Amino acid sequence: MDFGLSQEQQMLRDAVARCLADTCPLEHVRECSERDNPVSDKVLDALQGLGIPGMMIPEEHGGLGMTLLDAALVAEQLAYAVAPVSFLASHVLAPLALSEAGSEDQKVRWLPKIASGEAHISVAISETVEARDGAGVTCRGGKLDGTALFALDFAGADAFLVADTTGRLHLVPANASGLEKIPLTTIDRTRSVGELRFAQVTAEPLADDSGFTAGRLRDAGRILLAADSLGAGQAMIEKAVDYSGQREQFGRLIGSFQAVKHMCAEMAAHHEPCRSLIWYAAYAYEAMPEDVSLAACQAKSHTGDVHRFVARTSTEVHGGMGFTDLVGLHYWFKRIGFDRQVLGGPESARAEAAVLQGWIKAA
């Protein structure tokens with residue numbers, strides 16, 4: 001049995017990698033990160049040419065009907081290039097939500113537009129994992145009240161997909177009366193995040209499934225955040241190895257020092273097993289849905305810890321240069337930090353995994 005990628009998946013991964021190599025050099029990332037809206041139209045247009053916005057949308061609605069494993073491969077390459085583009089919410093979570101819980105009218109109205117790049121939907125489901133005091137959205141009589149933090153792919157959104165305190169999802173137009181949109185500054189300047197405040201905002205609900213679809217989105221989001229960390233970690237390891245083969249101290253390349261060799265080898269040894277963990281979780285999303293929540297928790301928690309170690313160690317290999325903007329290592333470092341915390345940090349994900357396995361009771 002072949003446990004590797006299919007030929008089509010390898011072609012997808014290579015095509016995205018080539019596209020980003022041509023359109024997203026580090027200097028372009030720097031330029032975008034200094035703007036209020038970091039999203040790069042140039043890179044988005046190039047990805048549109050590959051059909052990425054429609055990859056998770058069924059073919060009958062103008063998409064490619066691909067799988068979450070395909071999306072994980074794209075996420076890995078986007079992180080490798082620290083591409084300042086929307087992807088997780090607008091091109092994966094929103095299409096999944098509409099496909100699984102949207103009405104026929106909602107599917108017809110939104111999915112073709114998302115596939116063509118005409119529409120962009122931000123997603124706010126962080127409160128289904130952990131909620132800050134005073135945060136959370138309630139729905140009464142079709143009206144939303146409250147606050148949703150960390151709406152992903154926030155900038156330029158045409159609508160927001162928001163989970164209420166029961167887990168039900170609601171579509172809210174960006175120009176809805178009573179909706180206040182506040183951009184948030186996070187450590188990761190390559191992605192756009194915002195806060196949503198609702199005051200009697202009219203919303204369009206998706207199916208009332210007792211939070212099932214919100215849970216599916218949470219699983220998918222965790223898997224893709226883990227895949228994102230995988231790509232960022234790969235880039236940091238390669239940069240550490242390259243730097244150790246160029247930097248000299250005491251008349252020798254630092255890569256010849258035993259301590260530096262061990263640091264690079266240890267990073268690779270911790271990093272590489274994460275790949276199969278993420279691929280399994282992404283495959284399980286469609287093939288074994290009964291296993292995916294546990295697999296997503298394990299992938300998110302393990303990669304969160306592993307790639308924090310990779311980020312720190314790669315920076316140490318670079319020495320003082322690792323802290324400068326000249327090298328740009330901090331873009332990957334901060335991206336890994338963002339991935340680690342969004343939709344639950346390692347501790348939260350492990351606690352949820354323990355509940356799923358019956359080791360502890362839910363709080």
Side-chain angles (χ1 to χ4, degrees), residues 36-37 56-57 61 86 88-114 118-186 191-222 342-344 348 362-363:
D36 291 336
N37 178 3
M56 300 302 294
I57 294 173
H61 293 293
S86 53
L88 173 57
S90 56
H91 301 337
V92 180
L93 300 187
L96 285 175
L98 289 166
S99 298
E100 296 187 14
S103 66
E104 284 305 313
D105 176 65
Q106 289 168 336
K107 293 175 184 178
V108 170
R109 276 191 290 123
W110 287 104
L111 291 179
K113 290 182 179 179
I114 295 173
E118 295 177 54
H120 167 195
I121 297 179
S122 173
V123 176
I125 58 169
S126 291
E127 279 72 30
T128 67
V129 181
E130 295 171 319
R132 189 187 69 185
D133 288 346
V137 177
T138 59
C139 179
R140 294 185 182 86
K143 305 276 190 181
L144 300 183
D145 287 286
T147 301
L149 297 175
F150 305 112
L152 303 173
D153 294 346
F154 176 80
D158 299 291
F160 297 93
L161 191 65
V162 183
D164 66 20
T165 52
T166 70
R168 190 172 186 179
L169 296 168
H170 304 264
L171 264 174
V172 181
N175 59 358
S177 176
L179 173 62
E180 183 181 2
K181 306 183 291 289
I182 305 170
L184 295 179
T185 300
T186 71
R191 286 182 284 199
S192 175
V193 181
E195 176 179 337
L196 304 174
R197 295 180 183 177
F198 301 90
Q200 288 290 288
V201 176
T202 301
E204 185 181 338
L206 274 63
D208 188 359
D209 55 11
S210 302
F212 176 78
T213 302
R216 291 277 288 168
L217 296 193
R218 186 168 61 244
D219 293 338
R222 285 171 167 170
V342 173
L343 297 183
S348 173

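Not measured: the values here are computed from a predicted model.
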*asked:* Go through it in stages, so that I can follow the logic: the residues are L217 and L161, the test is side chain to side chain contact (heavy atoms under 4.5 Å, CB included), and I'd like the CA-CA distance, side-chain angles, deciding distance and then a yes or no.
replied: CA-CA 11 Å; L217 296 193; L161 191 65; 4.2 Å; yes

*Pairwise distance CG(D209) to CZ(R216) - rounded to 0.5 angstrom*: 11.0 Å

*More than 12 heavy atoms of other residues, nucleotides or ligands under 6.0 Å from NZ of K113: is that the case?*
no

*Check: I121 and L98 side chains under 4.5 Å, non-hydrogen atoms*: yes

*Closest heavy-atom pair and its distance - Q106, S103*: OE1-N, 2.8 Å

_Would you compute the distance between atom CG of D164 and atom CZ of F198 and round it to the nearest 0.5 angstrom?_
10.5 Å

_Applying side chain to side chain contact (heavy atoms under 4.5 Å, CB included) to F154 and L184, what does each step give before you reach the verdict?_
CA-CA 9 Å; F154 176 80; L184 295 179; over 6 Å; no

*V172 versus L179: any side-chain heavy-atom pair under 4.5 Å?*
yes

*Does the D145 side chain pair with the main chain of Q200, one donor and one acceptor, at a distance under 3.5 Å?*
yes

*Taking the side chain as C-beta and beyond, is there a heavy-atom pair between L196 and V137 under 4.5 Å?*
no

*Please check if the side chain of R222 supplies one atom and the backbone of L343 the other of a donor-acceptor pair under 3.5 Å.*
yes

*Does E127 reach the main-chain N or O of L149 with its side chain, forming a donor-acceptor pair under 3.5 Å?*
yes

*Is any side-chain heavy atom of D36 closer than 4.5 Å to a side-chain heavy atom of P183?*
no

*Can you see which heavy atom on L111 is nearest to which on S99, and at what distance?*
CD1-OG, 3.9 Å

*Does K181 use its side chain to pair, donor to acceptor, with the backbone of A174 at less than 3.5 Å?*
yes

*Looking at T213 and A97, what are the two nearest heavy atoms and their distance?*
CG2-CA, 4.1 Å

*Keeping the roles fixed (side chain from N37, backbone from A155), state whether a donor-acceptor pair exists under 3.5 Å.*
no

*Any idea which heavy atoms bring T128 and A163 closest together, and the distance?*
CG2-CB, 3.7 Å

*How long is the span from the NE2 atom in H61 to the CD1 atom in I114, to the nearest 0.5 Å?*
11.0 Å

*Might you point out which heavy atoms bring G221 and L88 nearest each other, and give the distance in Å?*
CA-CD1, 4.0 Å

*Between the main-chain N or O of L152 and the side-chain N or O of S122, is there a donor-acceptor pair closer than 3.5 Å?*
yes

_Nearest 0.5 angstrom please: T147 OG1 to E180 CD, how far?_
9.0 Å

*Least distance between heavy atoms, C139 atom then H170 atom*: SG-CE1, 3.5 Å

*Is the backbone of H120 close enough, under 3.5 Å, to the side chain of D158 for a donor and an acceptor to pair up by distance?*
yes

_Audit row: K143, T202, side chain to side chain contact (heavy atoms under 4.5 Å, CB included) steps and yes/no_ = CA-CA 5 Å; K143 305 276 190 181; T202 301; 2.9 Å; yes

*asked:* Would you say that I125 contacts L169 through its side chain, given a criterion of any heavy-atom pair below 4.5 Å between the two side chains?
replied: yes

*asked:* To the closest 0.5 Å, what do you measure between CD (E130) and CZ (F150)?
replied: 10.5 Å

*Under the 3.5 angstrom rule, does the side chain of R168 hit a backbone N or O of L206 as a donor-acceptor pair?*
yes

*Distance (rounded to the nearest 0.5 Å) between R132 CZ and E195 CD*: 6.0 Å

